[in-house]
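Values reported hereafter were calculated over all heavy atoms of this structure, with side chains retained and with hydrogens, waters and symmetry mates removed. Counting starts at 1 for both ligands and their atoms, following the listed order.
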Amino acid sequence: MLFRGKGNRAGEGQAESQRAPRHIAIIMDGNGRWAQRRGLPRLAGHRAGVQNIRRVVEACAESGIETLTIYAFSTENWGRPEDEVKGLMNLLGEALARETQTLHEKGVRLRHLGEISDLSPDLAQRIRDALALTANNTTITLNVAFNYGGRAEIVHAVQGIVAAGLAPSEVDEARFADYLYTAGQSDPDLVVRTGGEMRLSNFLIWQSAYAEYYSTEVFWPDFDQEELRKAIAAYNQRQRRFGKL
Ligand code: FPP
């Protein structure tokens with residue numbers, strides 16, 4: 001049994017094969033193809049993708065995962081047709097309006113990774129409100145990477161360091177990480193990509209330096225609890241050596 005609720009973590013007496021990673025990060029790909037296969041518009045695929053987020057957050061919380069990061073909108077996604085960009089913005093706004101209270105009641109702490117200031121003032125405010133409401137929750141942290149790019153994040157960190165006036169000798173890897181959007185969080189142990197591609201696509205490029213990588217053909221709207229279990233089982237087959245023997 002993989003899903004045992006909180007406490008299913010490394011070092012807590014679980015057999016090796018049953019350990020849940022602390023932090024899973026997911027590239028939710030394949031919404032467009034999922035819709036296309038059904039003769040539906042791409043946005044219907046994104047809508048189904050949003051529905052699936054709730055299911056996967058619940059499954060992760062049940063299995064004792066501390067942090068789930070989802071890649072919802074990349075800095076490159078601005079290059080999609082205007083209608084699709086608008087649709088994705090609206091979906092986030094609607095999802096926040098509809099789901100924040102429930103997430104809060106379930107103890108989910110929301111964090112945003114990316115630049116809020118480029119978003120519409122209304123969406124930016126909804127995000128800030130949701131972050132403030134859920135800031136002290138402890139069941140699971142859900143990082144929503146929205147208007148996020150890994151290289152942009154690194155530039156953002158460098159800007160923060162320069163603005164803080166740090167001397168070169170004060171900057172090491174740990175201090176650098178304090179200036180990333182993920183400040184204070186553990187690095188992902190497992191990066192999952194749905195939809196069959198084998199690319200990182202500018203996702204958590206600093207944080208996933210030692211992550212295990214798992215790619216599945218399954219489209220994001222179909223990635224359910226059983227698919228999550230398979231990803232965690234694959235993770236448990238890996239021997240993580242962090243560059244050592
Ligand atoms: C990729 O599918 C999916 C994205 C652009 C990001 C994921 C977005 C969602 C799950 C919906 C929005 C989420 C929130 C929180 C509002 P794709 O369109 O690239 O699929 P394809 O490769 O089949 O075309």
Non-neighbouring partners of Leu43 that pass side chain to side chain contact (heavy atoms under 4.5 Å, CB included), sequence neighbours left out: His46, Arg47, Leu91
Test side-chain hydrogen bond (donor to acceptor under 3.5 Å, both in side chains) applied to Asp29 - qualifying residues, sequence neighbours left out: Arg193
Mutual orientation of the aromatic rings belonging to Phe73 and Trp78 [parallel < 30°, tilted 30-60°, perpendicular > 60°]: perpendicular
Check: Tyr148 main-chain N/O paired with Ser74 side-chain donor or acceptor under 3.5 Å: no
Scan the side chains in residues 48-57 for donor-acceptor partners under 3.5 Å anywhere in the protein, sequence neighbours excluded, and list what turns up.
residue: Asn52; atom: OD1; partner: Arg55; partner atom: NE; Å: 2.7
residue: Asn52; atom: OD1; partner: Arg55; partner atom: NH2; Å: 2.9
residue: Asn52; atom: ND2; partner: Trp220; partner atom: O; Å: 2.7
residue: Asn52; atom: ND2; partner: Phe223; partner atom: O; Å: 2.9
residue: Arg54; atom: NE; partner: Glu99; partner atom: OE1; Å: 3.2
residue: Arg54; atom: NH2; partner: Glu99; partner atom: OE1; Å: 2.8
residue: Arg55; atom: NH2; partner: Pro221; partner atom: O; Å: 3.1

Every residue of the protein that comes under 4.0 Å of ligand 1, judged on heavy atoms: Met28, Asp29, Gly30, Asn31, Gly32, Arg33, Arg42, His46, Gly49, Val50, Ile53, Tyr71, Ala72, Asn77, Arg80, Leu88, Leu91, Leu92, Trp220
Proximity of His112 and Phe146 rings by center, below 6.0 Å: no
